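Worksheet: one structure, shown below.
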Amino acid sequence: MGVSVSMLASGSRGNCAIVASACTKILVDAGISGRETFKRMKSLGEDPHSLSAILITHEHCDHVYGLATLAKKLRIPVFMTVATQQAWARALRNENGVRPQLEKWERFESGHSFQVGDIAVKPFTIPHDAVDPVGFTFRAEGIKVGIATDLGYLPVSVRDHLRGCDVLVMESNHDVEMLRVGPYPWSVKQRVMSRVGHLSNEALANFFTNDYDNSATFVVLAHLSQENNHPEIARREAEKALAMRGGLFQNRVLLASQSEALTPICL
Ligand SMILES: [Zn+2]
Ligand SMILES: [Zn+2]
């Protein structure tokens with residue numbers, strides 16, 4: 001049956017994706033409500049109770065909003081780094097300082113591979129203003145999937161991890177000029193543009209032009225800003241850069257959406 005990637009939601013109002021093999025199904029981030037996650041899975045014909053595990057990239061709300069509910073309802077292992085788990089629990093403590101517990105918390109460390117069923121997961125550090133943020137690559141049945149969103153730039157180490165991916169989910173957060181003249185206060189603009197902020201269309205295009213190995217059958221543009229980007233601008237920038245490398249014929253560019261699940265990518 002191969003490997004599939006389903007983008008359930010992507011953007012600053014919630015991120016959630018599924019990477020699945022024939023016998024393992026991983027939820028990557030839980031940034032929309034439990035109810036909405038269930039709804040979007042069902043819209044794809046997926047049973048939420050068939051999920052094997054939840055993996056969390058970092059503690060920002062748009063990546064963990066539905067985590068407590070989903071962990072409780074599904075009672076499946078939740079993989080988080082120690083620092084991310086602590087930051088998440090600290091943010092959710094009640095007025096008496098009591099922190100929420102995860103029934104099945106599995107710790108991982110950036111740079112150290114681990115296995116979920118038949119999927120090999122490699123977490124790697126990304127530059128972002130969270131306590132211990134990571135991107136992931138997944139390998140199963142000879143297929144490699146890479147997910148890298150929420151990063152201020154693409155360090156060499158991240159570029160290395162993303163080599164040889166058959167499906168590449170990349171942040172294409174903002175158009176620099178739209179952000180510059182857009183409605184955000186200057187402090188927020190600075191945060192987004194910083195080395196620990198979010199990746200622009202231009203920075204991603206630069207990666208495609210200079211450093212990308214043209215390996216992916218599908219390139220998914222993700223975490224698009226609704227205020228400072230436009231899907232067609234992001235697509236145009238990415239396709240232009242891929243075409244310059246002669247890679248557009250190998251790569252199909254898809255856009256992940258905030259409001260609805262994308263048709264699953266199957267390899
Ligand atoms: Zn985010
Ligand atoms: Zn973030």
Side-chain angles (χ1 to χ4, degrees), residues 5-19 26-34 36-37 40 54-68 70 78-92 108 110 123-137 145-155 158 161-162 168-176 178-179 182 184-185 187-201 203-204 220-229 231 234 255-262:
V5 178
S6 307
M7 302 299 296
L8 296 185
S10 185
S12 59
R13 285 194 234 135
N15 296 274
C16 193
I18 300 170
V19 177
I26 298 175
L27 195 73
V28 184
D29 282 333
I32 50 176
S33 71
E36 190 64 22
T37 307
R40 293 194 188 191
I54 301 172
L55 269 58
I56 299 295
T57 57
H58 65 295
E59 76 280 12
H60 287 164
C61 192
D62 57 320
H63 298 260
V64 296
Y65 180 74
L67 177 60
L70 285 169
V78 177
F79 290 77
M80 289 167 110
T81 73
V82 173
T84 299
Q85 195 279 343
Q86 286 173 350
W88 167 78
R90 203 180 312 122
L92 287 190
F108 68 80
S110 179
F124 54 89
T125 297
I126 53 170
H128 189 53
D129 54 0
V131 291
D132 191 15
V134 298
F136 292 113
T137 60
V145 176
I147 299 184
T149 70
D150 297 72
L151 67 180
Y153 71 107
L154 284 166
V158 172
H161 282 290
L162 298 177
L168 197 52
V169 179
M170 294 298 297
E171 173 159 51
S172 193
N173 180 261
H174 57 277
D175 174 90
V176 173
M178 279 179 80
L179 176 66
Y184 283 8
S187 59
V188 180
K189 290 182 185 180
Q190 272 183 316
R191 188 214 144 220
V192 173
M193 278 192 265
S194 79
R195 299 273 279 179
V196 288
H198 289 277
L199 205 67
S200 66
N201 299 341
L204 181 62
V220 183
L221 306 181
H223 217 302
L224 267 69
S225 166
Q226 293 190 317
E227 288 79 18
N228 305 307
N229 208 350
L255 285 152
S257 153
Q258 183 72 87
S259 57
E260 58 183 2
L262 216 64

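Being a predicted model, the structure only gives us computed values, none of them experimental. FYI, the numbering just counts along the sequence from 1. Numbering of ligands and ligand atoms starts at 1, following listing order.
Taking the side chain as every heavy atom from C-beta outward, Y65 and T37 never approach each other to under 4.5 Å.
Of all protein atoms, those of element N, O or S that lie under 2.8 Å from the Zn ion (ligand 2) number 4.
A centroid separation of less than 6.0 Å is found between the aromatic rings of F136 and F108.
Atoms NE2 and CG, on H174 and L204 in that order, are 11.0 Å from each other to the nearest 0.5 Å.
Although no hydrogens or angles enter the test, the distance criterion places no donor-acceptor pair under 3.5 Å between the side chain of N15 and the main chain of H63. Remark: side-chain polar atoms of E171 are paired, donor with acceptor, to backbone N or O of L199 under 3.5 angstrom.
Remark: N229 pairs with N201 by the side chain to side chain donor-acceptor pair (under 3.5 Å) rule, at least two apart or across chains.
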